[in-house]
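To start, the structure under review is shown below, and the notes come after it.
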There are 2 protein chains.
Amino acid sequence: MKDRIRIKDIAKKAGVSKGTVDRVLHNRGNVSKIAREKVQKAMKELEYSPNIIASALAYNRTWRIAVFLPDYRNDPFWRQPRTGINLALKAVRDFGISIQYFDFRDADKNHFVELGDQILKDDFDVVVLAPAFAKEGHEFLDKCQAQNLKYIQINTYLERDDEAFLGYIGQDSYQSGMLAAKLLNFGMNSGETTMILHLEKAVNNSMHLVQKQQGFEDFFKEHPQKNIQIIKTGFEEVNDKVNLRLFLEKTCQEHPNVKSIFVTTSKLFHLVPILNDLKKEECKLVGFDLIEENLKYLNEEKISFLINQNPLKQGYLAIVHIFHHLVRKKELKKIQLLPLDVVIRENVQYYTEDEREQLYLIV
Amino acid sequence: MKDRIRIKDIAKKAGVSKGTVDRVLHNRGNVSKIAREKVQKAMKELEYSPNIIASALAYNRTWRIAVFLPDYRNDPFWRQPRTGINLALKAVRDFGISIQYFDFRDADKNHFVELGDQILKDDFDVVVLAPAFAKEGHEFLDKCQAQNLKYIQINTYLERDDEAFLGYIGQDSYQSGMLAAKLLNFGMNSGETTMILHLEKAVNNSMHLVQKQQGFEDFFKEHPQKNIQIIKTGFEEVNDKVNLRLFLEKTCQEHPNVKSIFVTTSKLFHLVPILNDLKKEECKLVGFDLIEENLKYLNEEKISFLINQNPLKQGYLAIVHIFHHLVRKKELKKIQLLPLDVVIRENVQYYTEDEREQLYLIV
DNA sequence: AAAATTGTTGTGCCCGTGCACAGTGTCTAA
DNA sequence: TTAGACACTGTGCACGGGCACAACAATTTT
């Protein structure tokens with residue numbers, strides 16, 4: 001290994017044994033002042049930096065991580081963070097990190113609580129979770145804190161400030177609303193109207209959607225030059241095509257000047273065939289997430305922009321974060337916001353192609 | 001380390017010694033058919049995957065990499081791949097990878113050749129290079145091939161197909177031209193004119209720029225709906241402000257309907273004050289690279305879009321690629337194209353903030 | 001003064017893999 | 001019949017750091 005300094009070298013230089021050097025290095029105590037100073041002096045002179053490989057091998061222990069996310073079989077979105085987690089796992093497995101999944105049924109609070117209790121009973125070192133339900137989420141995290149079980153949040157953020165809180169990895173919803181507004185604004189002419197549409201149930205319970213709307217509105221407040229009007233709407237039963245069509249027809253009649261629509265969820269693909277029907281295909285669409293149906297319409301240029309929130313990276317970085325915390329003993333930024341990529345047909349390939357090929361390293 | 005399968009376990013299951021398992025694993029020969037089959041069967045059943053940590057520790061050797069890029073002190077662009085390289089190096093150092101830099105003076109062919117010879121004389125395992133000069137680049141790579149010195153290209157691609165060629169990591173210039181066209185097209189009205197402007201010397205020698213132009217033109221050929229006219233121009237002496245102003249003034253007079261400009265290099269910031277002067281500030285600008293001057297105008301909304309070619313990642317992935325080749329003995333895609341990020345004021349923070357915080361792992 | 005306690009230091013094994021080397025056993029040629 | 005060549009197999013050390021434990025010294029207690 002070339003000329004890298006080893007513990008042995010320091011020991012020799014300081015005139016002590018490697019055991020003593022080790023004690024100094026790890027502050028294990030039981031070292032006389034004289035010995036400690038000799039070692040520290042030698043360390044400084046030789047610029048020792050530990051060999052993480054040998055360290056990882058010797059430090060032969062296992063960490064257990066519970067991954068507590070919505071069931072990916074019900075919502076394809078959650079397949080992506082899971083992929084990211086598995087990808088990262090490959091890299092950190094040899095460092096002794098192991099994972100156990102707990103998939104709660106979406107929108108099923110009881111199941112969330114039940115699985116949560118299961119996790120708390122077991123003996124995990126860290127939990128990765130998306131606290132989908134505010135109240136139950138906080139309750140679970142309180143219990144984690146109580147038994148000193150560290151946790152890291154992804155995708156959904158409940159504000160916490162205790163010792164057990166390792167961090168949040170996700171998107172900035174407000175900023176994504178701003179981004180959508182900027183994009184649509186670029187393609188609109190003076191005096192035209194835009195529309196913000198929530199395709200989701202219980203919008204007011206979802207901080208995400210409220211923040212997206214806020215960002216969207218604020219952008220146009222800050223950019224009054226083109227005098228763009230905003231219509232705010234929502235429609236809950238996204239799968240009820242008949243009524244969605246009626247709803248859109250009515251809205252377009254009332255506001256014939258609507259030239260663009262910002263959908264705050266990933267459900268914008270539902271609109272495309274209906275708008276085609278209504279001869280409104282020139283209406284520009286912006287929404288979220290690179291799911292199959294959206295990609296199809298992006299490719300046909302029926303959707304103008306998709307905003308990518310990097311869900312794969314969410315899972316990936318959660319594991320990386322934990323690795324750094326547990327193995328490297330390094331603390332990272334508590335709040336890590338992922339890029340909001342602007343995706344169009346001409347660059348979509350880079351965001352969908354197997355990210356596995358874009359390899360990553362432990363830093 | 002929990003229940004990970006070790007060589008020992010396979011040996012036990014197959015009823016042989018770990019030495020034999022090792023010989024099968026590494027195809028070292030000298031194994032009887034019977035023994036080999038027993039081992040292979042056991043390996044399959046136990047789903048063995050080697051412990052890379054222990055492997056790296058035992059396989060106690062050093063690899064030497066020469067990094068052969070333009071001097072970053074002359075061109076700030078090259079600081080970014082260098083940062084990426086150093087970042088990756090931190091992660092792979094302990095795996096025995098070391099780096100030596102060879103910075104050639106930009107546009108100095110002799111210096112390139114001189115340093116190239118120096119590299120060839122020494123005993124490196126891999127070269128990372130940006131072959132800025134086609135002829136000299138090929139000559140250097142021929143010699144590499146002759147003495148079986150592996151090489152990986154970044155940023156600039158010379159087509160090669162020999163054993164020593166490990167891969168190319170960079171951007172797809174044609175696609176970036178398409179991307180720029182799509183973005184401008186979105187913000188333009190029927191019958192308007194756009195302009196493509198090369199701010200660089202010797203455009204025809206630079207494949208990059210030619211390809212960008214091609215992509216830009218092809219987009220409008222494929223999208224004739226808005227009937228956008230394209231003016232093709234170029235200006236070499238970018239630092240000669242007086243003449244650049246005269247040039248722009250003349251062009252705008254000749255083509256008063258120009259509503260947007262695509263600059264094929266990172267030099268678009270030079271245009272902003274001049275366009276302001278000429279009362280052409282509503283003219284939309286698209287160009288490349290997140291350098292300081294461009295970012296300033298992006299933030300002031302004088303530049304509409306910047307296309308990010310991820311130069312830091314270029315360097316980073318070059319090292320990752322080499323790591324996988326040398327340490328993991330895995331072959332990766334030869335051609336790896338980096339994302340073309342669409343950057344505007346509302347998401348610029350994600351592409352400029354210290355990427356070190358977006359951590360990566362070895363896969 | 002002897003025994004017990006505490007403080008300090010060094011030794012040696014462990015982690016899982018790579019690889020050199022020393023065995024085995026078999027077969028051929030003298 | 002035996003030496004030598006050859007194919008195959010097992011053993012054991014090395015890699016560098018973590019850590020348990022033994023050994024020894026210094027101090028306190030009885």
Side-chain angles (χ1 to χ4, degrees), chain A residues 1-40 42-43 46-63 92-98 326-329, chain B residues 1-40 42-43 46-63 93-97 326-329:
Chain A
M1 189 70 75
K2 245 188 57 180
D3 41 7
R4 284 217 41 194
I5 305 299
R6 322 190 291 295
I7 283 189
K8 219 195 288 182
D9 300 318
I10 299 177
K12 199 171 166 193
K13 176 137 191 160
V16 296
S17 74
K18 78 190 184 79
T20 304
V21 176
D22 181 70
R23 277 182 283 269
V24 174
L25 271 172
H26 297 88
N27 293 315
R28 278 197 238 285
N30 292 333
V31 182
S32 66
K33 206 173 198 171
I34 306 154
R36 182 166 50 245
E37 276 162 9
K38 279 195 294 185
V39 169
Q40 278 162 346
M43 258 167 46
L46 295 177
E47 288 182 36
Y48 172 76
S49 76
N51 182 326
I52 173 158
I53 304 295
S55 168
L57 184 63
Y59 193 57
N60 182 44
R61 73 154 280 187
T62 311
W63 282 278
V92 297
R93 239 182 6 182
D94 287 326
F95 288 90
I97 289 177
S98 71
L326 294 177
V327 180
R328 288 291 180 96
K329 319 274 185 219
Chain B
M1 188 70 76
K2 239 192 60 181
D3 41 6
R4 284 223 42 197
I5 304 299
R6 323 190 291 297
I7 282 190
K8 220 196 288 182
D9 301 317
I10 299 177
K12 198 172 167 191
K13 175 137 189 158
V16 296
S17 74
K18 77 191 186 79
T20 303
V21 176
D22 181 70
R23 276 182 282 269
V24 174
L25 272 172
H26 297 86
N27 293 315
R28 278 196 238 286
N30 291 332
V31 182
S32 66
K33 206 174 197 171
I34 306 155
R36 182 167 51 244
E37 277 162 9
K38 279 195 292 186
V39 169
Q40 278 163 345
M43 257 167 47
L46 296 176
E47 289 183 37
Y48 173 77
S49 77
N51 182 325
I52 189 201
I53 304 294
S55 168
L57 184 62
Y59 194 59
N60 182 43
R61 71 154 284 186
T62 311
W63 282 280
R93 235 185 12 178
D94 287 325
F95 288 90
I97 289 176
L326 294 177
V327 180
R328 287 288 178 99
K329 319 275 184 218

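Chain identifiers are assigned alphabetically (A, B, ...) following the order of the sequence lines, protein sequences preceding nucleic acid strands; residue numbering begins at 1 within each chain.
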* **A:I53 CD1 - C:dT17 P separation (whole Å)** => 14 Å

* **Check: B:N51 and B:R6 side chains under 4.5 Å, non-hydrogen atoms** => no

* To the nearest Å, how far apart are B:F95 CZ and C:dT17 C1'? -> 13 Å

* Asked: So, the side chain of A:S98 versus the backbone of A:R93: is there a donor-acceptor pair under 3.5 Å, distance only?
  -> no

* With a 4.5 Å heavy-atom cut-off, do B:F95 and B:L326 have their side chains touching? -> no

* In whole angstrom, what separates B:L57's CG from C:dT17's P? -> 12 Å

* **salt_bridge(B:D9, B:K12) N-O dist < 4.0 Å** => no

* To do: Tell me which residues in residues 11-31 of chain B put a heavy atom below 4.0 Å from DNA chain D, sorted by number, or none.
  => B:V16, B:S17, B:K18, B:G19, B:T20, B:R23, B:N30, B:V31

* Upstream residue (5' side of DNA chain C) when A:A54 and A:S32 are each assigned their closest nucleotide -> A:S32

* Asked: Okay, side chain of B:R36, backbone of B:R23: is any donor-acceptor separation there less than 3.5 Å?
  -> no

* Structure fact -> Separation of C:dC14 atom P from B:N51 atom CG, nearest Å, is 18 Å

* **Nearest-Å distance for atom pair CZ/C1', residues B:R61 and D:dG16** => 19 Å

* Identify which nucleotide among D:dG18, C:dT17, D:dC15 has an atom closest to any side-chain atom of B:Y48, counting heavy atoms from C-beta outward. => C:dT17

* **A:I5 CD1 - D:dG17 P separation (whole Å)** => 10 Å

* Interatomic distance where CD1 belongs to A:I7 and C1' belongs to D:dA14 [whole Å] -> 17 Å

* NZ of B:K329: more than 12 outside heavy atoms within 6.0 angstrom? -> yes

* B:Y59, nearest nucleotide to its side chain (from C:dG16, D:dG17, C:dC19) -> C:dC19

* Using whole Å, report how far CD1 of B:I34 lies from P of C:dG25. => 16 Å

* Verdict with reasoning, B:L25 to B:I7, per side-chain contact (heavy atoms from CB on, under 4.5 Å) -> CA-CA 9 Å; B:L25 272 172; B:I7 282 190; 3.6 Å; yes

